[in-house]
There are 2 protein chains.
Amino acid sequence: MNRENVILTELKGGGYRLTQARKAIIQVLCEARAPLGAPDIIVLMASIGTSVNKTTVYRELEFLKGQGLVAEVLVGDGLRRYELMPEGHHHHHLVCNECSAVECVEVESCVGEDVRQIDHIEKTSDFKVTDHSLKFFGLCARCRL
Amino acid sequence: MNRENVILTELKGGGYRLTQARKAIIQVLCEARAPLGAPDIIVLMASIGTSVNKTTVYRELEFLKGQGLVAEVLVGDGLRRYELMPEGHHHHHLVCNECSAVECVEVESCVGEDVRQIDHIEKTSDFKVTDHSLKFFGLCARCRL
DNA sequence: TGACAGATGCAACTGGGTTGCAATATAATT
DNA sequence: AATTATATTGCAACCCAGTTGCATCTGTCA
Ligand SMILES: [Mn+2]
Ligand SMILES: [Mn+2]
Ligand SMILES: [Zn+2]
Ligand SMILES: [Zn+2]
């Protein structure tokens, strides 16, 4: 069973409705190969035959995030992007300074996974670290041509 | 000579005017101990006796950024924050999930400074890395009380 | 098929940020 | 000190992602 059906089954099992909008947004996210913003999602949903109001999209993204099925990717350009929750592995992002395109990337070793360093940060800053985000900025292949 | 005067002198030397708004925004940034958003800056400027239009603040921040005197800090909550350009050392940020407060933090070793790993990312992703950003999310001291 | 609760559409709103243009203030010149 | 050139500022209107209240609709199951 593919990811899309796993998600639909899980939602149904949880007592949630499988509405047109919900199925379409999940399909769009499953087919995406990079995080998408709500405006993009609206267009993509329309392109597969399901036009929905933006309010619905924002509410659905919030819902799927709450279900732990979708992750929010904040790049800092004022647009919230969403991707299917990465399974198991933890990854980071490349952000193009020219076109704002976002790609996913895995990193060998990251401070965010180094218990000793996190511990040191928590002690010296009096801050409880629960998560981290690492982004590399630069130029994507297309913008370098 | 303190940082504030160094900046004013540098700007004057560059042929730029030392206006009320410019002096006030620089003072506010110099006195800040964490990155500030434009709305905060407007209030702080008013509190030291210099009320300015928001347009001026946005334009001035853009100007100071262009001069390399101020750095933009994007946390992803839809608010652009600014801090005095860190001198020499490179640092990262702690972001509170509750109150969105931002603190600066230095890290022993970060992937972003590991030439080997950056090189590997550039080759496998066909992406030219020019910069990176590392943020730790969690709870600040105040929000944990 | 009916009914209920969850989901949706709509319209109005919020707030950070931008833009064009006219008015003003800084700093060099006379 | 008055004059001038232009960098800087204020204003008003605008942009756009995201939010909210409420009436309406629809998926699901009895
Ligand atoms: Mn990591
Ligand atoms: Mn670093
Ligand atoms: Zn690009
Ligand atoms: Zn906090």
Side-chain angles (χ1 to χ4, degrees), chain A residues 7-28 35-46 48-67 69-70 72-82 95 100 102, chain B residues 7-28 35-46 49-67 69-70 72-82 95 99-100 102:
Chain A
I7 291 175
L8 292 176
T9 304
E10 184 173 333
L11 286 176
K12 187 149 197 176
Y16 300 102
R17 295 184 189 170
L18 267 35
T19 63
Q20 295 305 315
R22 182 160 290 162
K23 285 185 284 187
I25 199 172
I26 289 169
Q27 182 186 335
V28 164
L36 298 174
D40 292 327
I41 292 174
I42 290 170
V43 171
L44 289 169
M45 288 174 74
I48 60 171
T50 307
S51 294
V52 289
N53 186 277
K54 64 174 177 171
T55 308
T56 302
V57 172
Y58 285 111
R59 283 197 282 233
E60 190 61 25
L61 288 169
E62 195 57 29
F63 167 77
L64 294 172
K65 186 178 137 196
Q67 295 297 313
L69 295 169
V70 158
E72 203 172 16
V73 177
L74 300 173
V75 163
D77 65 347
L79 183 62
R80 300 186 189 181
R81 286 161 224 264
Y82 297 85
V95 184
S100 286
V102 178
Chain B
I7 290 175
L8 292 177
T9 304
E10 184 173 331
L11 286 176
K12 187 148 197 176
Y16 301 102
R17 295 182 186 172
L18 267 35
T19 63
Q20 295 305 314
R22 182 160 292 162
K23 285 185 284 186
I25 200 173
I26 289 170
Q27 182 186 336
V28 164
L36 299 174
D40 293 327
I41 292 174
I42 290 169
V43 172
L44 290 168
M45 287 174 76
T50 308
S51 294
V52 289
N53 186 276
K54 64 173 178 173
T55 308
T56 302
V57 172
Y58 286 112
R59 284 197 281 234
E60 191 60 25
L61 288 169
E62 195 57 29
F63 167 78
L64 293 172
K65 187 179 137 196
Q67 295 296 313
L69 295 169
V70 157
E72 203 172 17
V73 177
L74 301 174
V75 163
D77 64 347
L79 183 63
R80 301 186 188 181
R81 285 160 224 263
Y82 297 86
V95 184
C99 69
S100 286
V102 178

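So that the names make sense, note that chain A is the first sequence line, chain B the second, and so on, each numbered from 1.
In the interface, the side chain of B/Arg59 is not paired with the base of D/dT8 through any donor and acceptor atom under 3.5 Å apart. At a cut-off of 3.5 angstrom, counting only N and O atoms as typed in the model, there is no donor on one side facing an acceptor on the other between the side-chain of A/Arg22 and the base of D/dG27. Counting distance only, with no hydrogens placed and no angle test, the side-chain atoms of B/Arg17 and the base atoms of D/dA7 include a donor-acceptor pair under 3.5 Å. Judged by distance alone, with hydrogens and angles left aside, B/Thr19 brings no side-chain donor or acceptor close enough to the base of D/dT9 to form a pair under 3.5 Å. Side-chain N/O atoms of B/Thr56 and base N/O atoms of D/dT8 include no donor-acceptor pair closer than 3.5 Å. Counting atom types as modelled, A/Lys54 pairs a side-chain N or O with a base atom of D/dG18 as donor and acceptor under 3.5 Å.
A side-chain donor-acceptor contact under 3.5 Å links B/Arg22 to the backbone of B/Arg17.
Distances shown here put every side-chain N or O of B/Tyr58 at or beyond 4.0 Å from the OP1 or OP2 atom of C/dT18.
Distance CG (B/Asp77) to P (D/dA17): 17 Å, rounded to an integer number of Å. Rounded to whole Å, atom P of C/dA5 lies 18 Å from atom CZ of A/Phe63.
Side chain of A/Thr55, nearest nucleotide from C/dT8, D/dG10, C/dC10: C/dC10.
A cation-pi geometry, defined here as NZ or CZ lying under 6.0 Å from the six-membered ring centre and within 45° of its normal, does not hold between A/Arg80 and A/Tyr58.
Note that CD of A/Gln67 and CD of A/Glu62 are 11.0 Å apart. Values are rounded to the nearest 0.5 Å.
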